[in-house]
*Asks:* 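A single structure is presented below for examination.
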Amino acid sequence: MGRHASTSTRPRGRGGILGLPTVADYSPQSIENKWQQWWTETGAFEVTEDPSRPSFYCLEMFAYPSGRAHVGHVRNYMIGDVVARLKRMQGANVLHPFGWDAFGLPAENAAIKNGLHPETWTLENIAYMKGQLQRLGISYAWGRELATCLPDYYQWNQWLFIRMFERGLAYRRRSTVNWCPLDLTVLANEQVIDGACWRCGTQVTSRELEQWFLRITQYADELLDGAARLTEWPEKVLTMQRNWIGRSEGVQARFPIADDEGRATAEAIEIFTTRIDTIYGATFVLIAPEHEQVERFGAESDDPTTFRRQAERFRQQDRLGRMSGEVAREGFDTGRRVLNPFTGETVPVWVANFVLGGYGTGAIMAVPAHDQRDFEFARTHALPVQVVVAPADGPAVPAESMTEAFTEHGVSVDSDEFSGLPTAEAWERMAASAAARGVGQKTVQYRLKDWGVSRQRYWGTPIPMIHCPSCGVVPVPDDQLPVVLPRVVEFSGKGESPLALVPEFVNVSCPRCGGAARRETDTMDTFFDSSWYFYRFTDAHNRTQAFDPARCNYWAPVDFYSGGVEHAILHLIYSRFFARVFRDLGMVAHDEPFTRLLTQGMVLKDGQVMSKSKGNVVDPDEMIARYGADALRLYVMFVAPPEKEVEWTDSGLEGSFRFLTRVWRMVEPLAPVLGVAPAVGDVATWSEAERALRRKTHQTVARLTDDLYPRVHLNTAISGLMELVNELYAFGDQTGLFKPGRRAAEDEATLTPDVPPSTLAAGCEAIEALVRLLSPFAPHMAEELWERLGHTGGIVAAGWPVSDPDVARDDALTLPVQVNGKVRGRIVVPVGASDQVLHAAALADPGVRTHTDGKTIAKVIIAPGRLVSIVVKG
RNA sequence: GCCGAAGUGGCGGAAUGGCAGACGCGACGGACUCAAAAUCCGUUGAGGGCAACCUCAUGGGGGUUCGAGUCCCCCCUUCGGCACCA
């Protein structure tokens, strides 16, 4: 540290060259450089496990290296940095790492467009963005930096994939998948937004492909139940996850297919319903155009050609309908009938375009009286309506006069022995009856589907599997990992997996039988990479394991995780899934990977999200060049609470710069004086102003400590700092400690204040607290001022200031007195005054008396330390 | 349509059921300056009063309470999420 002293703008102590000191105005650039270097050189943010200290894992969602970060991107890192720096000062062993979500399509698209290799493009972007983060002074443990596109990371993707394969959690199946015609790849359901690709916005189509899936549905219930214990997550995110999992309890029931005489055959259509209590009103059955019986019914129908054409049209239409959101409900009669297992009656089977092949059994019982869609369908096609539920408090509406379905619960009617039961009870009894007779059973359905992870692209983790003609699918042995992504590849942007065009990659011998075999050429969805990177950070350079469980469990789970709400159902649900997989592998000791989640709001410019294509990005480097990183950080943290969306304004940034300049102009000239200030000493001899400043200092410390964590009210914390500075300016003016508003090199007296030691002591205490409180927000300035105040070893070593509640407490309180709910006066009372004293003082107040004289006092409510409320009558 | 969040000065925002508008931006005034910028000090919800003060005011309407921006009910608006899930 000593070597930095020479960078000070003037010598310490009184008098400079020619005896006239100068006041250097705040110029952030050199300060920021100096401290960024110092942090790097001393490894200030590198950590190791230390069981003697509490650990704190602070993490921001890692970044996709898309080129340059704009202010909207970096807001998140600033939020995390405030928390990390605070926790460090509070004595925690803080893990605060950063890395790169470095596989993905933009790299590959850039390659196709510019002929640049994806790796080159990615690594160049990483280098640039890392520089940006360093220029912002984010306190990352860069020694743990990782990039998912490097073999020492993705090797463990492959290792984990094989473990999942061994446990049946990764499996292969042919299925209809979402296909993005622009990105030429498959998308998971979660990645299709309004029928369009989440990344490029292109309308998604469907394809039949052999795909790898991860059995996330095996954990569906656990993921759902676990949500209830995530008490430090935003309710909004939990709601989205619950909806996404979409658990619904119902009954799966068999409707036997009838022969020509209306007798049951051995075959049946299985339906799923959540309203088994309405089964006596099931007057027809609807099946999806994708249903397995459609082909057979078509073949056996009178006019197979028309049948098939209609079904095919529905299949196409259904896709389109999902994309546009609205398609008229249509259907046609299959000509077949099935038996209602409760009424024994035969009912017709129709194919309907609004029944989904992928949900439940792809078939439903239609109860037009009690389901609005079925009702409309029945009216359109003149199908019968049978009422089986009456409102709890009145008669059922007759079917003929119904104008809409009665979908609420009530009392069962016309339902044999179940008639007269409340529908909730009928539900249970009918479910039991179905089970007893072997025609159905309770089941749970999920909207959540298994996660399709195959991608027909180059720039991703190769799936470590080999297809052998005799042994089938064989995993690559662990000792042959990683399966390295071959460097030389054609990027035509056409066709299937680019890896399929690399013969030396594709052609392998089977690890089991040694025969000629073919390597899997699909790569993994990049969400695989991001589902466990937070564990890798805990042991980032382990060459023999994904991570050492002991190390991981020292740090994990992540104590504070922040990122965009757009990951509410993608990354955040996958990560919760992976945490459980690692748990079941015995590698982590917890269920939930992120204890606390903060979803930060976006930064808008001109009312819109910043984006390169809109040309409304604010470049952090440009702002740093003008105002410094500290001012930028302070502004972004001050403008609104972290969760909230904010609109960028230049004037707001100027205001924050002004505040820092105000701090600098006060502290910088005083620093040499305060560096030798006396200790607090006997406070009893202090002046009222000195004691008031001391009180404000301790109140501010308490306030910031409370605001910062776990509340993370960063904006109000900063306003607390501003109040303290305002108070200090008034104090300086009043006591002569310094002269606000003096100009550079103007007045030697301001720099050599002739004030009593108590004034110096009070000023010193306030300023040293201020500098430390400021340091999570404006770390460079804080370090610099701390050093100039005569301290060595960095500000983290100084620790977070502690408030003394006895000092912070006001010795007198001004309490409002209300009469009939309106403030009519104020009383000044000592802290801890008795109720009797408050009572008497309140009634004696002249302002109060004008409203109580001549009236009867009905009641006096005393809220200690708050107010006195008087109720009068007459 | 369903679920959720939110509506407070000119603007961003503050406020465990207890003095609404902290703090900042902007604006206005003053000091400093030959002048400007910068800086420092002040004023700044609306209306009334010479004044101490008074009245109104947190999207609208009701309610609970001594007391409501905050809790409850209804409505309006905005923003997010889900959206034929049977």
Side-chain angles (χ1 to χ4, degrees), chain A residues 25 193-194 234-244 246-248 250 271-275 278 286 288 318 321-322 325-327 329 352-356 358-367 370-374 376 445-448 565-566 568-569 634-635 638-641 643-656 658-659 661-662 665 713 715-723 725-726 729-730 733 739-744 746 814-826 846-847 850 858-872:
Chain A
D25 248 338
I193 317 282
D194 291 334
E235 197 51 47
K236 173 193 171 114
V237 172
L238 295 175
T239 303
M240 284 166 72
Q241 292 209 351
R242 288 189 186 106
N243 290 341
W244 189 262
R247 184 192 151 99
S248 72
I271 61 96
F272 174 74
T273 180
T274 56
R275 288 296 303 273
T278 64
L286 296 174
D318 193 36
R322 283 167 150 265
E326 267 309 316
V327 156
R329 270 176 222 135
N353 62 350
F354 63 94
V355 176
L356 304 174
Y359 183 81
T361 58
I364 61 169
M365 64 178 203
V367 184
H370 307 293
D371 180 285
Q372 186 59 24
R373 291 159 304 179
D374 298 345
E376 288 166 24
Q445 287 292 330
Y446 300 93
R447 220 189 68 123
L448 181 74
V565 72
E566 67 274 17
I569 49 173
L634 193 76
Y635 163 63
F638 177 60
V639 67
E643 295 86 351
K644 238 192 119 136
E645 215 166 65
V646 297
E647 172 72 25
W648 175 269
T649 62
D650 289 338
S651 58
L653 175 57
E654 278 165 32
S656 293
R658 201 146 49 217
F659 170 72
T661 307
R662 209 167 139 78
R665 257 199 292 265
H713 285 202
N715 55 330
T716 56
I718 294 169
S719 71
L721 291 175
M722 290 171 167
E723 281 183 38
V725 170
N726 290 344
Y729 263 67
D733 194 27
K739 191 179 163 197
R742 53 108 185 75
R743 294 191 300 160
E746 177 191 272
T814 304
L815 298 186
V817 181
Q818 293 182 344
V819 179
N820 287 351
K822 292 197 195 271
V823 178
R824 297 299 186 183
R826 279 161 233 285
T850 58
K859 204 171 177 186
V860 177
I861 293 126
I862 294 173
R866 290 288 186 189
L867 55 41
V868 178
S869 183
I870 299 166
V871 187
V872 297

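Below, chain A is the first sequence line, B the second, and so on; all start at residue 1. As a basis for the values below, the full set of heavy atoms in this structure was taken, side chains included, without hydrogen atoms, waters or symmetry mates.
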*Asks:* Quote, to the nearest angstrom, the P distance that separates B:G4 from B:G48.
*Replies:* 45 Å
*Asks:* Between atom CZ in A:Arg447 and atom C1' in B:C84, what is the gap in whole Å?
*Replies:* 12 Å
*Asks:* Is there a Watson-Crick or G-U wobble partner for B:G42 with both distances under 3.5 Å, and if so, which one is it?
*Replies:* B:C28
*Asks:* So which nucleotide does B:A51 pair with, by the Watson-Crick or G-U wobble rule with both distances under 3.5 Å?
*Replies:* none
*Asks:* Hey, is the side chain of A:Thr239 poking within less than 4.0 Å of OP1 or OP2 on B:C82, counting only N and O atoms?
*Replies:* no
*Asks:* Taking side chain as C-beta onward, heavy atoms only, is A:Val367 less than 4.5 Å from A:Thr273?
*Replies:* no
*Asks:* Would you say A:Asp371 and A:Arg275 make side-chain contact, with heavy atoms under 4.5 Å?
*Replies:* no
*Asks:* Does B:G9 adopt a syn or an anti glycosidic conformation, taking syn as a chi angle within 90° of 0?
*Replies:* syn
*Asks:* Quick check on side chain to side chain contact (heavy atoms under 4.5 Å, CB included): which of A:Ile870, A:Val823, A:Leu867 does A:Val817 satisfy it with?
*Replies:* A:Ile870
*Asks:* Given the C1' atoms of B:C28 and B:G45, what is the spacing between them in whole Å?
*Replies:* 16 Å
*Asks:* A:Thr850 and A:Arg824: side-chain contact (heavy atoms from CB on, under 4.5 Å), yes or no, with the steps?
*Replies:* CA-CA 9 Å; A:Thr850 58; A:Arg824 297 299 186 183; 6.0 Å; no
*Asks:* Could you let me know what B:G18 is paired to, Watson-Crick or G-U wobble, both distances under 3.5 Å, or none if it's on its own?
*Replies:* B:C66
*Asks:* Taking only N and O in the side chain of A:Lys859, is any of them less than 4.0 Å away from OP1 or OP2 of B:C66?
*Replies:* yes
*Asks:* Once rounded to the nearest 0.5 Å, what's the spacing between atom CZ of A:Phe659 and atom CG of A:Leu721?
*Replies:* 5.5 Å
*Asks:* Does the side chain of A:Tyr635 reach to within under 4.5 Å of the side chain of A:Trp648, using non-hydrogen atoms?
*Replies:* yes
*Asks:* Figure out the CZ/C1' separation between A:Arg665 and B:C41, and round it to whole Å.
*Replies:* 14 Å
*Asks:* How far, in whole Å, is B:A31 from B:G17 if one measures between their P atoms?
*Replies:* 47 Å
*Asks:* For atom C1', what is the distance between B:U16 and B:U70, given to the nearest Å?
*Replies:* 10 Å
*Asks:* Say you draw a straight line from OG of A:Ser869 to CG of A:Asn820; how long is it, rounded to the nearest 0.5 Å?
*Replies:* 8.0 Å
*Asks:* Whole-Å distance between B:G67 P and A:Arg824 CZ?
*Replies:* 14 Å
*Asks:* Do A:Ile861 and A:Val868 come close enough that some side-chain heavy atom pair is under 4.5 Å?
*Replies:* no
*Asks:* In whole angstrom, give the distance that lies between atom CH2 of A:Trp648 and atom P of B:G24.
*Replies:* 19 Å
*Asks:* Separation of A:Glu643 atom CD from B:G80 atom P, in whole Å?
*Replies:* 18 Å
*Asks:* For B:G24, take OP1 and OP2 only and decide whether either is under 4.0 Å from a side-chain N or O of A:Arg662.
*Replies:* no
*Asks:* Closest nucleotide of RNA chain B for A:Ile364 versus for A:Ile870: which of these residues is on the 5' side?
*Replies:* A:Ile870
*Asks:* How far does the C1' atom of B:G21 sit from the matching atom of B:G69, given to the nearest Å?
*Replies:* 11 Å
*Asks:* Which is true for A:Gly655 with a 4.0 Å heavy-atom rule: it touches a base, it touches only sugar-phosphate, or it touches nothing?
*Replies:* sugar-phosphate
*Asks:* Quick one: what's the B/S/- string for nucleotides 11-21 of chain B, heavy-atom cutoff under 4.0 Å, read 5' to 3'?
*Replies:* -BSSSB-BB--
*Asks:* Send over the distance from A:Tyr729 OH to B:C23 C1', rounded to a whole Å.
*Replies:* 16 Å
*Asks:* Please state how far atom CE in A:Met240 lies from atom C1' in B:G4, giving the value in whole angstrom units.
*Replies:* 10 Å
*Asks:* Does B:C23 have a Watson-Crick or wobble partner in any strand here, with both distances under 3.5 angstrom, and which is it?
*Replies:* B:G12
*Asks:* Just call it for A:Asn726: base, sugar-phosphate, or nothing, with non-hydrogen atoms closer than 4.0 Å on any strand.
*Replies:* sugar-phosphate
*Asks:* Determine the Euclidean distance between corresponding P atoms of B:C74 and B:C3; express it in Å to zero decimal places.
*Replies:* 12 Å
*Asks:* If I pick the C1' atom on B:U43 and the same atom on B:C25, what distance separates them, to the nearest angstrom?
*Replies:* 16 Å
*Asks:* Using purine N1 to pyrimidine N3 plus N6-O4 or O6-N4 for Watson-Crick, or N1-O2 and O6-N3 for G-U wobble, each under 3.5 Å, what pairs with B:A36?
*Replies:* none
*Asks:* Whole-Å distance between B:G24 C1' and A:Arg658 CZ?
*Replies:* 9 Å
*Asks:* Is there a donor-acceptor contact under 3.5 Å linking the side chains of A:Asn243 and A:Arg447?
*Replies:* no
*Asks:* Tell me which of A:Thr661 and A:Asn820 sits closer to the 5' end of RNA chain B, going by the nucleotide each one is nearest to.
*Replies:* A:Thr661
*Asks:* Applying a 3.5 Å limit to both distances, which nucleotide forms a Watson-Crick or G-U wobble pair with B:C79?
*Replies:* B:G4
*Asks:* Using the C1' atom as the point on both nucleotides, what is the distance between B:C32 and B:G42, in whole Å?
*Replies:* 15 Å
